[in-house]
Amino acid sequence: MRFAPSPTGLLHIGGLRTALYNYLVARQSGGAFVLRIEDTDRSRFVPEAEAYIRESLQWVGIEPDESPEDPAEHGPYRQSERSARYSEIASRLVSAGHAYLAFDTADEIAALRESGDTPGSVRYDSSTRMRMRNSLSLPPEEVQRLVAADSPHVVRLKVPDDREVVVDDIVRGQISFAADQLDDQILVKSDGYPTYHLANVVDDHDMQISHVIRGEEWLPSTPKHVLLYEMLDWSVPAMAHLPLILSPTGGKLSKRSADKHGIPVFVLDYRDSGFEPEAVLNYLALLGWHPDSDRERFSLDELVRAFSLRRVGSAGVQFDIEKLTWFNEQVLRELSSQRLAEKLAPHIEAAGWTCDRDEMETIVELLRDRISLARDVTSYPEFFRDPEDYDEKAVRKRWKDDSGDLLLNLLERLVAGESWDAPQLESAFESFLAENDIGKGRIMPVMRIALSGRASGPDLFPTLAVLGRETTARRFRSAADQLGAEDASS
RNA sequence: GCCGCGUUCGUCUAGGGGUUUAGGACGCCGCCCUUUCACGGCGGUAACACGGGUUCAAAUCCCGUACGCGGUACCA
């Protein structure tokens with residue numbers, strides 16, 4: 001199994017799903033998961049991309065068994081380092097009459113394409129190749145002269161015109177293509193680098209890849225690959241073309257459409273947004289695949305056991321960030337306090353806050369069921385700093401003329417208790433209510449406003465307990481002072 | 001245009017001739033729990049693209065149409 005991304009940009013979420021499925025099949029069959037870098041397009045090469053791919057896989061925990069950094073017997077794992085092998089195969093194809101040299105210029109090819117009545121109706125293929133300048137149409141002496149003169153040329157696949165090519169796909173079954181509908185695919189570009197089609201077939205064979213698992217966008221070129229395997233007398237690996245991941249409105253999940261829907265596209269953006277790798281993997285696994293039960297929560301190991309390419313669907317799937325978020329909530333709830341605290345820490349730090357370890361234990365438990373993403377911890381600043389302002393609506397609704405006094409009286413009572421813990425605070429609070437004959441609804445929202453500036457939040461007494469005597473006193477006084485006897489109607 | 005793939009609740013999907021009043025999950029709505037907001041529990045909303053055929057029987061098989069997606073590069 002191999003994951004063979006092209007380092008022309010950052011690894012995106014669709015690429016990660018492809019990697020995941022490859023990984024799952026590799027693990028469950030005891031095979032190797034190979035990372036191969038397909039860097040044959042020198043004009044679009046992005047130097048940082050390879051490191052990004054590696055870091056992304058590392059983050060989610062599906063690391064390759066063989067890769068440029070971890071080579072095994074089938075290296076090198078960068079196509080740019082395998083040129084000699086591609087040239088060798090290209091020559092072999094040419095001498096066997098399965099490929100030919102083409103000397104046409106870009107203008108000549110453009111002219112060919114425009115010769116049809118509708119755009120795209122004329123291709124460089126079995127029906128037009130004899131009209132072009134190539135080693136099939138030109139006299140041999142002319143071809144020799146051009147080669148000797150270092151005339152720029154490409155190598156094209158000589159696609160037969162009289163047969164069907166059948167692709168056996170695990171996801172879709174048998175698909176047949178009429179060969180005369182295929183173009184004479186360029187195998188080697190004029191800069192000497194192979195195209196994807198040649199390099200991919202050669203490498204998959206050389207690296208003994210048993211399963212080619214990739215996106216559906218490759219389906220139309222698969223018959224050309226099958227032809228190459230046949231011409232080289234190599235066996236065709238098992239093929240599986242995965243349904244494409246679409247945007248929530250149906251189109252392609254491009255950077256643009258994703259941004260519009262608030263969906264991160266690049267893998268590490270998920271990390272930076274506070275998504276858990278387990279959740280991302282779990283969601284991605286289910287995006288196109290369905291287990292043979294109604295179960296939805298899977299760890300990576302469980303996925304390895306349950307996954308099957310046969311249960312991968314064939315229709316495009318729309319990305320749903322809300323469902324991913326739900327998976328993320330599930331993951332957070334299953335974490336130990338300590339692990340959860342570790343997850344939240346970077347986001348607290350990023351907000352410029354600090355928090356000591358003991359307090360963190362409690363805070364984490366108060367927040368666990370209230371956050372969807374690790375970074376949501378920043379929606380609860382009350383644990384880290386005094387309120388900066390008071391929510392107007394909450395104050396209007398809950399703060400009465402006597403609220404300030406009530407708060408100060410209550411504070412006096414709470415502070416008088418010998419210990420400052422949640423049960424103690426609560427019982428002091430209860431007796432205060434009884435003595436003053438007021439209901440919870442009268443004072444609790446007021447306390448919340450004083451603590452956080454808002455009328456809702458986590459359990460009140462544990463919150464008071466973590467905040468401590470001093471902070472509580474300061475916030476109560478400050479609220480009484482600032483909001484004072486402010487009239488609800490003013 | 002041509003080639004290929006696809007089409008079950010808004011979304012991810014189960015089901016692949018009778019087991020189906022079409023099941024699950026997310027979302028949404030309601031109720032319960034509750035000091036608030038969440039969590040949780042319970043309940044509800046909502047789908048077989050359309051038209052022909054085959055068959056005693058079709059969401060399920062076949063054909064067509066529509067629509068969507070992909071490909072049609074010296075990109076991958």
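Note on naming: letters A, B, ... go to the chains in the order of the sequence lines (proteins, then strands), and numbering restarts at 1 for each one.
- Under the Watson-Crick or G-U wobble criterion, with both distances below 3.5 Å, B:G10 is paired with B:C26.
- When each of B:U7, B:U72, B:A25 is scored by its nearest atom to the side-chain atoms of A:R123, the top-ranked nucleotide is B:U72.
- Within 4.0 Å of A:F177, counting heavy atoms only, lie sugar-phosphate atoms of the nucleic acid but no base atom.
- Applying the 3.5 Å distance criterion, the base of B:C5 shares no donor-acceptor pair with the side chain of A:R172.
- Of the residues A:R129, A:R156, A:R123, the one that meets the side chain to side chain donor-acceptor pair (under 3.5 Å) test with A:D184 is A:R129.
- Within the 4.0 angstrom heavy-atom criterion, no nucleotide atom of any strand lies near A:G439.
- To the nearest 0.5 Å, the span separating CG on A:D391 from CH2 on A:W399 amounts to 13.5 Å.
- When each of B:A76, B:C74, B:G24 is scored by its nearest atom to the side-chain atoms of A:E296, the top-ranked nucleotide is B:G24.
- Considering only side-chain atoms of A:R448, the nucleotide from B:C5, B:C12, B:U36 that sits closest is B:U36.
- Under the Watson-Crick or G-U wobble criterion, with both distances below 3.5 Å, B:G70 is paired with B:C3.
- Counting non-hydrogen atoms under 4.0 angstrom, A:R368 reaches nothing in the nucleic acid.
- Within 4.0 Å (heavy atoms only), A:S293 reaches no atom of the nucleic acid at all.
- Under the 30°/60° scheme for interplanar angles, the aromatic rings of A:W289 and A:F298 are found to stand perpendicular.
- The existence of a salt bridge linking A:D203 and A:R2 is excluded, since no basic side-chain nitrogen approaches an acidic carboxylate oxygen closer than 4.0 Å.
- Remark: B:U55 base-pairs with no nucleotide; criterion is Watson-Crick or G-U wobble with both hydrogen-bond distances under 3.5 Å.
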